[in-house]
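Right, one structure below, let's go through it.
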Amino acid sequence: SEGFFGQPYGKPVAHLREVIESVRLIVAKAHTGELDKYAGEYVNLDFDFFQPTAPPVRTEIPIWVAALRGPLVRLGAEIADGVIGHPLWSVRWATTEIPKYIDEGLTLAGRTRADIDVNLWVWTSPGIDKKTATEEARATMAFYGGAEQYHSYFDWHGFGDVVVKLQNGLREGTRYQDLAHLVPDEMVQEFILCGTPDEVREQLAPLWEIATSVTPVPAAWGLPMDRLITYMDSIGRTFYPGLREG
């Protein structure tokens with residue numbers, strides 16, 4: 001947040017809660033003349049001179065929370081209409097850690113699992129063989145492994161030593177693409193579904209234990225455009241067999 005986007009970190013979960021509350025307030029009441037003030041720690045809005053808008057098409061717009069770690073998942077399950085999983089979620093993380101945070105959020109709000117959707121964005125590299133797919137996905141892991149804010153997440157998976165090397169390399173000015181060789185195969189395959197189409201479908205299957213829907217996306221970092229297009233096409237044919245040739 002600070003080194004990459006130039007924004008203070010603060011308390012992201014509390015901040016996002018206020019954003020969601022204030023957005024819902026504006027959507028529901030911008031046309032009624034009832035807007036007064038919203039006073040929070042991060043969001044402070046004064047509507048004293050606000051002119052009511054025309055009535056909207058609808059006064060409730062679904063809000064989904066995109067999350068990596070548990071606290072934000074819990075917030076999404078508590079107050080949002082859906083939770084979107086980060087592509088960095090491993091199958092292991094998604095199936096062993098995430099369900100308990102979803103349950104905690106639902107319990108806090110007195111909701112049931114049917115009250116929210118869970119959409120998982122999943123890095124998928126269906127290719128000719130697992131070796132090639134793994135190699136071409138390696139730079140994506142070098143990019144994310146170099147981000148210090150994800151250190152504890154990678155450490156949970158047993159790759160803390162690898163990401164230290166990546167982070168040190170970035171501090172020294174090395175491009176993430178040139179650090180990709182530091183990422184072992186097992187780290188790539190932990191977070192990115194690599195292999196033939198059949199292998200990738202099999203790897204993805206356990207995610208349906210928690211997912212309402214799945215959005216397969218290519219591991220795009222460091223890929224030349226022609227290879228990115230090839231993977232996008234392969235993803236389409238792997239998961240959407242009704243796509244026509246050409």
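Positions are given from 1, in the same order as the sequence printed here.
Val73 places a side-chain heavy atom less than 4.5 Å from the side chain of Ile102. Inter-residue side-chain proximity for His31 and Thr59 is flagged as met; some heavy-atom pair is nearer than 4.5 Å. Between Ile192 and Thr124, every side-chain heavy-atom pair lies at or beyond the 4.5 Å cut-off. Counting heavy atoms from C-beta outward, Val200 and Cys194 have side chains that stay 4.5 Å or more apart. Side-chain contact between Arg237 and Pro197 is absent, with no heavy atoms from C-beta onward closer than 4.5 Å. Within the 4.5 Å cutoff, side-chain heavy atoms of Tyr38 are placed close to those of Glu18. Contact check for Leu45 versus Ser22: side-chain heavy atoms found under the 4.5 Å cut-off. The closest side-chain heavy-atom distance from Leu72 to Arg69 is not below 4.5 Å.
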Next item on the list: Decide side chain to side chain contact (heavy atoms under 4.5 Å, CB included) for Thr132 and Ile128; before the verdict, give the C-alpha distance in whole Å, the side-chain angles of both, and the deciding distance to 0.1 Å.
Entry: CA-CA 7 Å; Thr132 301; Ile128 298 173; 5.7 Å; no

Notebook entry, point to check: Where do Phe154 and Leu88 land on the side chain to side chain contact (heavy atoms under 4.5 Å, CB included) test, with the steps shown first?
Noted result: CA-CA 10 Å; Phe154 284 112; Leu88 194 53; 3.9 Å; yes

Next item on the list: Please report the C-alpha distance between Asp233 and Thr230 in whole Å, then the side-chain angles of each, then the deciding distance to 0.1 Å, and finally whether the side chain to side chain donor-acceptor pair (under 3.5 Å) criterion is met.
Entry: CA-CA 5 Å; Asp233 180 74; Thr230 296; over 6 Å; no

Notebook entry, point to check: After noting the C-alpha distance and the side-chain angles of Trp93 and Trp156, does the key distance pass the ring pair (Phe, Tyr, Trp, His ring centres under 6.0 Å) rule?
Noted result: CA-CA 9 Å; Trp93 176 263; Trp156 184 91; 5.0 Å; yes

Note to self: Apply side chain to side chain contact (heavy atoms under 4.5 Å, CB included) to residues Leu170 and Arg175 and explain how you reach the verdict.
What the structure shows: CA-CA 6 Å; Leu170 288 175; Arg175 300 187 317 155; over 6 Å; no

Note to self: Working note: Glu78 + Leu106, criterion side chain to side chain contact (heavy atoms under 4.5 Å, CB included); need CA distance, chi angles, decisive distance, verdict.
What the structure shows: CA-CA 5 Å; Glu78 179 189 355; Leu106 294 174; over 6 Å; no

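Aromatic pair Trp123/Tyr144: ring centres closer than 6.0 Å. Residues His157 and Tyr150 keep their aromatic ring centres 6.0 Å or farther apart.
Heavy-atom minimum distance, Gly33 versus Pro52: CA-CG, 3.9 Å. Across every non-hydrogen atom of Ile235 and Pro218, the tightest pair is CD1-N, 3.5 Å. In this structure, Val91 and Pro206 approach most closely via the heavy-atom pair CG1-CB, 4.0 Å. Contact record, Val188 with Thr134: CG1-O, 3.7 Å, taken as the closest heavy-atom pair.
Salt bridge status for Lys130 with Glu199: absent, with no side-chain N to carboxylate O gap under 4.0 Å. Under a 4.0 Å N-O distance rule, the pair Lys131/Asp185 does not qualify as a salt bridge. Between Lys100 and Asp103 no salt bridge is recorded (no basic side-chain N to carboxylate O distance below 4.0 Å). Comment: Glu21 does not engage Arg24 in a salt bridge, judged by the lack of any side-chain N to carboxylate O separation of less than 4.0 angstrom. Under a 4.0 Å N-O distance rule, the pair Lys37/Asp48 qualifies as a salt bridge. Between Asp36 and Lys29 there is no salt bridge, since no side-chain nitrogen of the basic residue lies less than 4.0 Å from a carboxylate oxygen of the acidic one.
For the atom pair Gln203 CD and Ser125 OG, the distance stands at 10.0 Å (nearest 0.5 Å). With rounding to the nearest 0.5 Å, the separation of NE2 in His151 from CG in Leu166 is 10.5 Å. Distance check: Ile63 CD1 to Ile79 CD1 gives 8.0 Å after rounding to the nearest 0.5 Å. Expressed to the nearest 0.5 Å, how far CE of Met141 lies from CG of Leu182 amounts to 13.0 Å. The CE atom of Met225 lies 5.5 Å from the CG atom of Leu228; values are rounded to the nearest 0.5 Å.
Note on Phe191: it clusters hydrophobically with Leu193, by side-chain heavy-atom contacts below 4.5 Å among ILVMFWY residues. In the hydrophobic clustering of this structure, Ile116 does not group with Val23; members are Ile, Leu, Val, Met, Phe, Trp, Tyr whose side-chain heavy atoms approach within less than 4.5 Å, directly or through other members. Under the 4.5 Å side-chain contact rule for hydrophobic residues, Ile20 and Val27 share a cluster. Linking Ile, Leu, Val, Met, Phe, Trp and Tyr residues whenever their side-chain heavy atoms come within less than 4.5 Å leaves Trp121 and Met232 in two separate clusters. Residues Val162 and Phe143 share a hydrophobic cluster, clusters being chains of Ile/Leu/Val/Met/Phe/Trp/Tyr side chains in contact below 4.5 Å.
With no hydrogens or angles considered, no side-chain donor-acceptor pair links Ser152 and Asp155 at under 3.5 Å. Side chains of Glu136 and Tyr231: a donor-acceptor N/O pair is present below 3.5 angstrom, by distance only. A side-chain donor-acceptor contact under 3.5 Å links Thr215 and Asn119.
Under the 3.5 Å distance criterion, the side-chain polar atoms of Arg17 are left unmatched by any main-chain donor or acceptor of Leu75. Using modelled atom types, no side-chain atom of Asp117 and backbone atom of Thr212 make a donor-acceptor pair closer than 3.5 Å. Between the side chain of Arg74 and the main chain of Leu108, no donor-acceptor pair closer than 3.5 Å is present.
When the shell of 6.0 Å around CD of Gln149 is examined, it contains more than 12 heavy atoms from other residues, nucleotides or ligands. More than 12 non-hydrogen atoms from other residues, nucleotides or ligands lie less than 6.0 angstrom from CZ of Phe50.
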